[in-house]
Structures are given as C-alpha cells and as structure tokens.
J.: 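Quick one: this structure, given as structure tokens, is what I'll be asking you about.
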Amino acid sequence: MSRPPVFSSLRRNSLAAALIALQVAVTLAVLCNALFIIRQRAAEGHSLSGVRDEGDVFAVDIRWHGATAQIPSRERTDLAALRSLPQVTDAVASIDHPLGGPTLGFTITLHPEQPDSLVQSVVYPVDDHGIDTLGLRLIAGRNFGADQINDWSYSSGLPESIAGVIVTQALANRLDPQGHALGQIATLSPGPITAPIIGIVARLQSTPNAENSPLEQQSLLWPALWVDPRGFYIVRARPGEVGAAMNAVRTKLYEIDRQRLIMSMQTLTQARRDAYRGDRAIAELMGAISAILVIVTSFGILGLTSYWVAQRRRQIGIRRALGATRGAILRYYQTENLLIVGAGAIAGVVFAVAANLWLLRSVALSRLPLLYPLVGVAAMLLVGQLAVLWPALRAAAVPPAIATRAV
C-alpha cells in the first residue's frame, strides 16, 4: 500500500489516533522515569557500605539500666568478654551501625575562617578495634591508639580537642580536593573541636535511603568508647560462624550482667534488607504501575485497530479484489500503527524529559540518561506492533468476496 491512503485514513480518524498517541506519550514518560528510579533504588540497595563481609558482622542493640556512671566499666567488661569468645573475631561499642541510620552529625572543615567550607558528616564513635571489627580498608594514615580512647556519651559534653579523627575518602576529597587532607587539623562543630586527620578509609556508608545524599559516604570515626545508656555492640564473627556467635554473645552478655536489655540482634545483611525495604516497595510499585500502563496502552491500540478493521471490512475486500495481497493489508495496518505510536513516542520523550526535570527539583533525582528514552521508544514501538498484529491478521484474512456483499 502507498503511504497517502494511510495519511488520509488518519486524517479522517484524527481524534482517535490522537488519543492513542497521547496514551503512548504518557506511558512512555512514566515508563522511562519509573525504570530510571527503579534502577537507582536497586543500585542504592546494593551500594557498598565499606564493611567487609556484612553477613559476618552483627549489631546488638543495648539498653542499660542502673547507674550511668557504671556503664563504662560494664562496657569494657563486656567487650573484653566478647572478644575472647572463640566464635568472635572482634567487637566494638558505638552509637549505631552503618546500615542502621546514624543519629550523630557534625560539620567539619579545614578552614574555619571560611563559613562556606563547612562539610556535613556523620560521626561513629569507636575505639581502636573499630576498623578491624567493621573490616574497613585503611588506605592512608593509621588507626587510633588504645591510649587515645576516651569515654563519651550524649551527656558527657564535648571536648575542645581530640587526638585525631579518621575520615572516609569521600569526606577527605570534600575537605581538600587536592588530596592533602591527611595530617591537616580539622575543626568540628558543634564545639568547636580541633582534631588532626590521622587516617583515611576507603568507604563507610552513613545514610541509607539518602536519595543520593552527599552524606552517604561522608563519615568519620571518632576515638571514643560510646558509654550512653543506648548504644550498640558491633561484633565480627569468624567466617561461617555468625549464628553460633550470635547465640554465644547473647548468652555471655546475660551471664555477665542482667542490668541491660538486648533489644535486637541482627546481621548487617539483615539490616540492609530492613534499611532498603522502602526502596524495594517503591520499585515494585513503580514496576507494577508501568506494567499496567503498558498493558492498558496495548489494549487501547488493539481495541482501536479492531474497531477500524470492523469498519473497513468492505473497503479491505475491495482492495483485495483489486489485487492487494494479504501481506499488503498487514503492512498497511502495521504502518498506520507505527505512525501513531511513533508520534506518541516523540511526544513521550518530551514528556519524559519534562517529568525528569520536575523530579530533579522536587526529589533530587538524577538527570535522566539518554539511554532510557531511547529504550522506551523502542519498547513502545515493539508493544504497538505486537498489539496491532492480531487485528491486522484479521484484516489480512478478509476475503475479496466481501466487496460484493450488501452494506
């Protein structure tokens, strides 16, 4: 079939064709952005926390009862006992763990006289066992010394200076893009507190579900034994013995002192699933919405084409009687559908970019890569061709004799 009859037919049915094209455009816009968000959520859920072998590390949520002044000695007794267990490699006390949502934030700068140089960071108080327990990779500098560890809690106040801090590579790069943060004196607020940067670790996640927050890897280790009534013991089990280690830790802690509550105990692998449960739910919801839109669009194309075939049966029969082959009739409807869906796809790309720009301002979503609209266009064209195939085959099967029948 030549192209002019196709355009003539679309002009006569312009409203229906425009509605289908609009439906394709909206579906494409939603599909592109939904797939992009799903991909981002999946990437966040598998982001590297910096903790080596998360399945071998577990967190024990502790609540202390009794005199607060006794907590430091009790914690030291606990940690010594935990580290001596045969199933345990190392243990440390801290305010929280990397997949639990830290609650302690400081600003840090190398240039306190420049207010715009302040960088947000999340603080983990740990002793000299922190790096080994978490399995962090120290890429520059050194670990804390045992003599640099002081007791610290919410109620103990802030010192004017500390022996040093260890920062992540991301935080070091923010503080000094030239790569010379190690050894410099940092100023932390609230305080102000001065501390040299004595070490740099490769990664340490700080804020799960942070929507691409710059804080995600901007963490620092503070040399302290966290002695607040609420805190965590982070324990590294020997490889393959995490279950036995968790049982041994629970038994040992209650054996030493029952003036505490063990609120929960979970591996960081389990904590990761909990931390990103919301992301998975959003991804599943957006995937379901996208699938429904694609199905509805497919049925819209199928229904419109079926209606047109039913209307044009006599016209199709005349064309068949004049020599049009079944293949020609099939190609006619495929071409007609390609024009409608193609027009909708072009509009859909514009809608997708506009929606992404709105999301950039509203929820800090990243810019939509060109790959997603291109894949979306290809997917919609394929869906359109598949949806039109059955009514097009029905049209191609119309016999020439239909032309001789009364209307």
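Side chains are part of it too, since the values below use all heavy atoms of this structure and drop only hydrogens, waters and symmetry mates. What you see is a predicted model, and the numbers here were worked out from it, not measured in a lab. For reference, positions follow the sequence shown, starting with 1.
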J.: With a sphere of 6.0 Å drawn around CZ of Arg137, does it hold more than 12 non-hydrogen atoms of other residues, nucleotides or ligands?
T.: no

J.: Check whether Asn33 reaches the backbone of Ala29 with its side chain - one donor and one acceptor, N or O, closer than 3.5 Å.
T.: yes

J.: Determine yes or no for a side-chain-to-main-chain donor-acceptor pair under 3.5 angstrom, with Asn337 supplying the side chain and Val388 the backbone.
T.: no

J.: Please say whether more than 12 non-hydrogen atoms of neighbouring residues, nucleotides or ligands are located less than 6.0 Å from CZ in Phe299.
T.: no

J.: Given 3.5 Å as the limit, does a donor-acceptor pair link the side chain of Arg280 with the main chain of Arg273, or not?
T.: yes

J.: Taking all non-hydrogen atoms of both residues, which atom of Thr267 and which atom of Glu54 are closest, and how far apart?
T.: CB-O, 4.4 Å

J.: Do the side chains of Leu381 and Gln385 get nearer than 4.5 Å, heavy atoms only?
T.: no

J.: Please walk me through it: do Met380 and Ile301 pass side-chain contact (heavy atoms from CB on, under 4.5 Å)?
T.: CA-CA 11 Å; Met380 292 312 301; Ile301 295 170; 5.9 Å; no

J.: Tell me, with the steps shown, if Ile108 and Leu171 meet side-chain contact (heavy atoms from CB on, under 4.5 Å).
T.: CA-CA 9 Å; Ile108 181 172; Leu171 182 54; 4.0 Å; yes

J.: Let me confirm one number: the CZ-CG distance from Arg203 to Leu134, rounded to the nearest 0.5 Å.
T.: 14.5 Å

J.: Asp56 and Gly240: which non-hydrogen atoms are nearest, and at how many Å?
T.: OD1-N, 3.7 Å

J.: Test Gln169 against Asn173 for side-chain hydrogen bond (donor to acceptor under 3.5 Å, both in side chains), laying out the working first.
T.: CA-CA 6 Å; Gln169 181 71 70; Asn173 291 340; 3.0 Å; yes

J.: For a ring-ring contact (aromatic ring centres under 6.0 Å, His included) check, start with the C-alpha distance between Tyr154 and Trp226, then their side-chain angles and the critical distance, and finish with the verdict.
T.: CA-CA 9 Å; Tyr154 282 124; Trp226 183 250; 5.0 Å; yes

J.: Quick check: does any side chain N or O of Asp53 sit under 3.5 Å from a backbone N or O of Gly55, one acting as donor and the other as acceptor?
T.: no

J.: Roughly how far apart are Ile200 CD1 and Leu182 CG, rounded to 0.5 Å?
T.: 5.0 Å

J.: Given 3.5 Å as the limit, does a donor-acceptor pair link the side chain of Thr27 with the main chain of Thr297, or not?
T.: no

J.: Please tell me if the side chains of Ser219 and Tyr124 come closer than 4.5 Å, counting only heavy atoms from C-beta onward.
T.: yes

J.: Once rounded to the nearest 0.5 Å, what's the spacing between atom CG of Asp132 and atom CG of Asp90?
T.: 5.5 Å

J.: Hey, what do you get for CG (Asp128) to CG (Asp147), rounding to the nearest 0.5 Å?
T.: 9.0 Å

J.: At their closest point, which heavy atom of Val235 faces which heavy atom of Leu82, and how far apart are they?
T.: CG2-CD1, 4.3 Å

J.: Of the non-hydrogen atoms in Phe106 and Val123, which two are nearest, and what is the gap between them?
T.: CD1-CG2, 3.3 Å

J.: Between His97 (side chain only) and Leu99 (backbone N and O only), is there a donor and an acceptor less than 3.5 Å apart?
T.: yes

J.: For side-chain contact (heavy atoms from CB on, under 4.5 Å), just list the numbers for Arg236 and Arg52, CA-CA rounded to whole Å, side-chain angles, deciding distance to a tenth of an Å, and then say yes or no.
T.: CA-CA 10 Å; Arg236 175 169 289 277; Arg52 175 172 50 84; 3.8 Å; yes

J.: What pair of heavy atoms forms the shortest contact from Phe58 to Val249, and how long is it?
T.: CZ-CG2, 3.7 Å

J.: Can you check whether Ser290 reaches Leu35 side chain to side chain, under 4.5 Å on heavy atoms?
T.: no

J.: To the nearest 0.5 angstrom, please state how far the CD1 atom of Ile197 sits from the NE2 atom of His180.
T.: 13.0 Å

J.: Using the side-chain contact (heavy atoms from CB on, under 4.5 Å) rule, take Trp64 and Asp257 through it: C-alpha gap first, then chi angles, then the decisive distance, then the call.
T.: CA-CA 10 Å; Trp64 286 100; Asp257 188 346; 4.0 Å; yes

J.: What class does the angle between the rings of Trp222 and Trp152 fall in, given that below 30° is parallel, 30 to 60° is tilted and above 60° is perpendicular?
T.: parallel

J.: Salt-bridge test for Arg76 and Asp151: reply yes if a basic N is under 4.0 Å from a carboxylate O, no otherwise.
T.: yes

J.: Below 4.5 Å, heavy atoms only, C-beta onward: do Leu79 and Tyr233 meet side chain to side chain?
T.: yes

J.: Closer than 3.5 angstrom, by distance alone: can the side chain of Gln217 be matched with the main-chain N or O of Thr168 as a donor-acceptor pair?
T.: no

J.: Are the side chain of Ser121 and the backbone N or O of Leu220 linked by a donor-acceptor pair below 3.5 Å?
T.: no

J.: Main chain of Ala248, side chain of Thr251: is a donor-acceptor contact present, judged purely on distance under 3.5 Å?
T.: no

J.: Hey, does Lys252 have a side-chain heavy atom less than 4.5 Å from the side chain of Ser84?
T.: no

J.: So Asp78 and Arg260, do their side chains get closer than 4.5 Å, heavy atoms only?
T.: yes

J.: State, with a plain yes or no, whether a side-chain heavy atom of Ile166 is found less than 4.5 Å away from one of Ile131.
T.: yes

J.: How many angstroms lie between atom CD1 of Ile198 and atom CG of Leu221, to the nearest 0.5 angstrom?
T.: 9.5 Å

J.: Testing the basics here: between Pro125 and Ser94, what is the closest heavy-atom pair and its distance to 0.1 Å?
T.: O-OG, 2.9 Å

J.: Would you say Ile262 and Ile62 make side-chain contact, with heavy atoms under 4.5 Å?
T.: yes

J.: Tell me whether the count of non-hydrogen atoms from other residues, nucleotides or ligands lying under 6.0 Å of CD in Gln114 goes above 12.
T.: yes

J.: I'd like to know if the side chain of Arg250 and the backbone of Met265 have a donor-acceptor N/O pair within less than 3.5 Å.
T.: no

